[in-house]
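I have placed the structure first, in the form of structure tokens, so that the comments after it can refer back to it.
Here, residue 1 is the first one in the sequence, and each next residue gets the next number.
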Amino acid sequence: VQLQASGGGLVQAGGSLRLSCAASGRTFSNYAMGWFRQAPGKEREFVARISWRGRTTYYADSVKGRFTISRDNAKNTVFLQMSSLKPEDTAVYYCARDRRASYSSSYYYTPSEYAYWGQGTQVTVSS
């Protein structure tokens with residue numbers, strides 16, 4: 001399984017970006033997907049998660065109401081629409097695939113629940 005994240009860049013505070021994560025393989029639709037981020041000197045933190053059918057989503061409190069996660073199973077792609085960006089959103093953003101197929105984890109916010117990771121895409125928000 002390979003995950004390729006893209007869409008990062010430099011944006012002013014209040015702006016928007018849309019991240020994409022393309023997955024290889026034929027089982028994409030069987031797995032929940034997540035987005036995490038890591039700022040310099042900080043631990044990797046949970047941002048959002050979407051269930052394998054796209055019916056259930058979870059968000060970190062810090063991004064709730066500003067970010068939207070979605071997926072297109074026909075295109076093996078998960079998206080993160082980010083709006084009203086703040087300087088504190090600056091980080092490398094990673095997409096990740098759940099360890100288990102068709103599984104709803106109570107620990108969806110922990111990196112250990114995910115088996116495969118993309119290479120990351122840099123998001124920089126200037127003030």
[X] versus [Y]: any side-chain heavy-atom pair under 4.5 Å?
X: Phe79; Y: Leu19; result: no
X: Arg53; Y: Arg71; result: no
X: Gln122; Y: Thr124; result: yes
X: Arg37; Y: Asp89; result: yes
X: Ser104; Y: Trp52; result: yes
X: Thr68; Y: Arg18; result: no
X: Gln81; Y: Phe67; result: no

Keeping [X] on the side-chain end and [Y] on the backbone end, is there a donor-acceptor pair under 3.5 Å?
X: Thr77; Y: Lys75; result: yes
X: Gln119; Y: Ala5; result: yes
X: Ser16; Y: Ser83; result: no
X: Ser29; Y: Asn73; result: no

| Does NZ belonging to Lys64 count more than 12 external heavy atoms closer than 6.0 Å? | yes

| request: Please report the C-alpha distance between Val92 and Tyr94 in whole Å, then the side-chain angles of each, then the deciding distance to 0.1 Å, and finally whether the side-chain contact (heavy atoms from CB on, under 4.5 Å) criterion is met. | output: CA-CA 7 Å; Val92 177; Tyr94 298 90; 3.5 Å; yes

Out of curiosity, [X] [atom1] to [Y] [atom2], how far, rounded to the nearest 0.5 Å?
X: Ser51; Y: Ile69; atom1: OG; atom2: CD1; answer: 9.5 Å
X: Asp98; Y: Asn30; atom1: CG; atom2: CG; answer: 11.5 Å
X: Trp35; Y: Cys95; atom1: CH2; atom2: SG; answer: 4.5 Å
X: Gln38; Y: Tyr93; atom1: CD; atom2: OH; answer: 12.0 Å
X: Arg99; Y: Ser112; atom1: CZ; atom2: OG; answer: 6.5 Å

| message | As a quick check of understanding, evaluate side-chain contact (heavy atoms from CB on, under 4.5 Å) for Trp117 and Arg44, giving each step before the final call. | response | CA-CA 12 Å; Trp117 294 81; Arg44 191 167 298 190; 3.2 Å; yes

[X], [Y]: one ILVMFWY side-chain cluster at the under-4.5 Å cut-off?
X: Leu17; Y: Val78; value: yes
X: Met82; Y: Val125; value: yes
X: Tyr31; Y: Tyr58; value: no
X: Val47; Y: Tyr59; value: yes
X: Val63; Y: Met33; value: yes

| query | Tyr108 and Phe46: aromatic ring centres closer than 6.0 Å? | reply | yes

| task | State yes or no: are the ring centers of Phe36 and Tyr114 separated by less than 6.0 Å? | result | yes

| field | Exercise: identify the closest heavy-atom pair between Gly8 and Val123 | value | CA-CG2, 4.1 Å

| task | Flag this pair as yes if the NZ/CZ of Arg49 is under 6.0 angstrom from the six-membered ring centre of Tyr109 and inside a 45 degree cone about the axis; otherwise no. | result | no

| task | For the residue pair Gln12 and Ser126, confirm or rule out a side-chain donor-acceptor distance under 3.5 Å. | result | no

